[in-house]
Number of protein chains: 2
Amino acid sequence: MGNRVPTLEDVAREAGVSRATVSRVVNGVRNVSPDIQRSVRDAIARTGYAPNQAARSLVTRRTGAAALVLSATDGAFAARVFSDPFFGRVVDGVLPVLRERAIQPVLLVAESERARTQLVEYLRRGGADGALVVPLDDEDPLPAMLAAAGLPTVLFGRPRDGERYGFVDLDNDAGARLAAEHLWATGRRRPATIAAPVTAPAAAARLDGFRRALAARGVTDVPVVRGRFTVDSGRRAMAELLRDHPDVDAVFAANDLMAEGACQYLRERGVDVPGAVAVVGFDDSAAARRSRPRLTTVRQPVERMAAALAGLLVEELEGTRTGPASRVFEPVLVVRGSA
Amino acid sequence: MGNRVPTLEDVAREAGVSRATVSRVVNGVRNVSPDIQRSVRDAIARTGYAPNQAARSLVTRRTGAAALVLSATDGAFAARVFSDPFFGRVVDGVLPVLRERAIQPVLLVAESERARTQLVEYLRRGGADGALVVPLDDEDPLPAMLAAAGLPTVLFGRPRDGERYGFVDLDNDAGARLAAEHLWATGRRRPATIAAPVTAPAAAARLDGFRRALAARGVTDVPVVRGRFTVDSGRRAMAELLRDHPDVDAVFAANDLMAEGACQYLRERGVDVPGAVAVVGFDDSAAARRSRPRLTTVRQPVERMAAALAGLLVEELEGTRTGPASRVFEPVLVVRGSA
DNA sequence: TTGAAAGCGCTAACAT
DNA sequence: ATGTTAGCGCTTTCAA
């Protein structure tokens, strides 16, 4: 037996109609009489027909897929992405929006120079109709590459070059301020911060926001140690902080993972949290709830932001909106046990 | 100006040659004189041409992409995948193999019934040339669906229905035995185990292997508590174990995350690890090195296994091999501080 | 409501 | 070494 994959033609012959009619049924176009619809559906079932996406795309110029791109310029990529709950939350937020519209979400990772090139090539050729990009680095060239390739692109996090893309972002400055004000209000006068890598998106905003809010209260010498968003780096940063500034009474970390690491280190050294040192995290991820004590943290509504991001792309693809649009979300302070 | 995307035709006209010649240059076929190659390349650069994948796929019946499918039948999917270092290691292992051959890796997640259906549809239509599937559940119908759709499919972990697919797997039984023998050899006589969910792939093998090895030494009543592969579930399991069997002197957890949780709980309760209770993990993931004390664990060479898995698929796609093939890796015990 | 036919952009067989 | 040409399987006018 010919092991050929069945085509529209086969279904048409089987059902005794034209290709056009089968196509209409498959694509749910009305103006097809009910009985013909039935017989076509039967023929489809009998033949096991599935549309050929290549042929379809060739004429519609659509793939029905949207790329969710995780991009970083440094190494240790997968280790980071697959251990920070943040990315899972992004995925959780994006999926339902796309699924609802039967847009296939495809995750693409750009872990190296070569990967970026291949990825852009892939998308230029028509791998997906648009891209949702989560840049892990402010200097990431990928968004610009995608835009240059003419691909509808939206970003998680405000890009440096402002308004060329649609994006969603958090008011990071306000978030850092919430942390600072809470620590101040609870009597902390010698706060330090475990900041993000200099090139991390949002890093500057969280650090500056924290410093400014404290400066407004007369605290100008806030110790800063950089972490790398991981539990381990938070632990090491805390060790450094404790060594160089044994009198700190509060720590604001740029994400929950580092705050968790800080708590771990403090507890191991017998330093009471929050008694001796208060710790505030950022994100309100799963790490905030599993940490001991549970973390007081600045909540970033990642799932809602990701859903909005997907919505932005969908609008662009559907032509509902034309220019780039953006949306900024407000953080909320969640007080738990650590501060 | 006509905002049309340039096609082969445009490049051909620009270079003053035929479409076929341009195609040859683009696809790196020899038999094209150097000077013509140059002028074609120039024309490509000038026009900004990129091949249309749909048109290409239509004739080659290839997409140049391979899917890495993460599939689960229960909820809390993204939270699991994006916090267990295991999946990052799989990605790390797969990427280089695919990149090297310029095969685009696309990550697909099947988090629900609907997602599975859409995903299979997508792949049937030609979303990728083959699939690397990491099933999180033994009863996952996805592999069978993909196979039924005629898509080349290989699995991480031996499937229940044996030899219908190519797969890579670890000798989990041997791994569990290593753990049991180490605990026995170091004088532990009242071991317990934190097992995986009943439907988890490899779960049965690790549990049975542990039991059998101990039974051979006369220990037949090994307490078992089920965890869910997370730190938290490991912590809770340990609490349960300690409550119901206060005399346990060793714990074998089915992965490092649960072992980490067990250690955390024990330390919080002031139980010395490994003094009072020895803990052995499984995987040798990043969690093993960050845990305190560092975990003694059964090493699973996930990256190498994932690379081999990708190799299996590549062979199948290239026609180098025909029937399903499989490869089973041997575990190694890594002794650190926890046992 | 249905069918006929053109054509999307490319590769590959064949001809030169 | 290069060109000509016939499709790949589908959607979408346009006619009927």
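Chain identifiers are assigned alphabetically (A, B, ...) following the order of the sequence lines, protein sequences preceding nucleic acid strands; residue numbering begins at 1 within each chain. This one's a predicted model, so the numbers in the text were calculated from it and none came from an experiment.
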Open item on the list: Looking at C:dC10, I'd like to know if its phosphate oxygens (OP1 or OP2) sit under 4.0 Å from a side-chain N or O belonging to B:Ser23.
Closed with: no
- [ ] Could you tell me whether the side chain of A:Gln118 and the main chain of B:Arg99 form a donor-acceptor pair under 3.5 Å?
- [x] yes
TODO: Round to a whole Å and report the spacing from CG of A:Asn31 to C1' of D:dT11.
DONE: 16 Å
TODO: Nearest whole angstrom, please: distance from the P of D:dG3 to the CZ of B:Arg19.
DONE: 12 Å
- [ ] Could you tell me the separation between the CG atom of B:Asn27 and the C1' atom of C:dC10, rounded to a whole number of Å?
- [x] 9 Å
Open item on the list: Taking the side chain as everything from C-beta on, heavy atoms only, tell me whether B:Phe82 gets closer than 4.5 Å to B:Leu70.
Closed with: no
Open item on the list: I'd like to know if the side chain of A:Thr60 and the backbone of A:Arg56 have a donor-acceptor N/O pair within less than 3.5 Å.
Closed with: yes
- [ ] Could you check which of C:dG3, D:dG3, C:dT2 has an atom nearest any side-chain atom of A:Ile36?
- [x] C:dT2
TODO: Examine distances only and state if a side-chain atom of B:Gln37 and a backbone atom of B:Val32 form a donor-acceptor pair shorter than 3.5 Å.
DONE: yes
Task: Backbone N/O of A:Leu312 and side chain of A:Arg321: donor-acceptor pair under 3.5 Å - done: yes
Task: Atom-pair distance (CD on B:Glu9; P on D:dT5), nearest Å - done: 13 Å
Open item on the list: Could you work out how much the helix from C:dT1-D:dA16 to C:dT16-D:dA1 bends, comparing the axis of its first five pairs with that of its last five, to 10°?
Closed with: 30°
Task: N/O donor-acceptor pair under 3.5 Å between A:Arg101 side chain and A:Val97 backbone - done: yes
Open item on the list: Expressed as a whole number of angstroms, how long is the span from A:Leu8:CG to C:dA4:P?
Closed with: 14 Å
Open item on the list: With a cut-off of less than 4.0 Å, is there a side-chain N or O of B:Thr7 near OP1 or OP2 of C:dG9?
Closed with: no
Open item on the list: Using a distance-only criterion (donor-acceptor N/O pair, under 3.5 Å, no hydrogens), is the base of C:dG3 paired with the side chain of A:Arg24?
Closed with: yes
Task: Contact list for DNA chain C against residues 52-65 of chain A - heavy-atom distance below 4.0 Å - done: A:Leu58, A:Val59, A:Arg61
Task: A:Ser326 side-chain N/O to A:Val168 backbone N/O, donor-acceptor pair under 3.5 Å - done: no
Open item on the list: If the cut-off is 4.0 Å, is A:Thr21 near the phosphate of C:dG3, judged by side-chain N/O to OP1 or OP2?
Closed with: yes
- [ ] Please work out whether the ring planes of A:Phe86 and A:Phe156 are parallel, tilted or perpendicular, with thresholds of 30° and 60°.
- [x] perpendicular
Open item on the list: Under 4.0 Å between a side-chain nitrogen and a carboxylate oxygen: does that hold for A:Arg13 and A:Asp10?
Closed with: yes
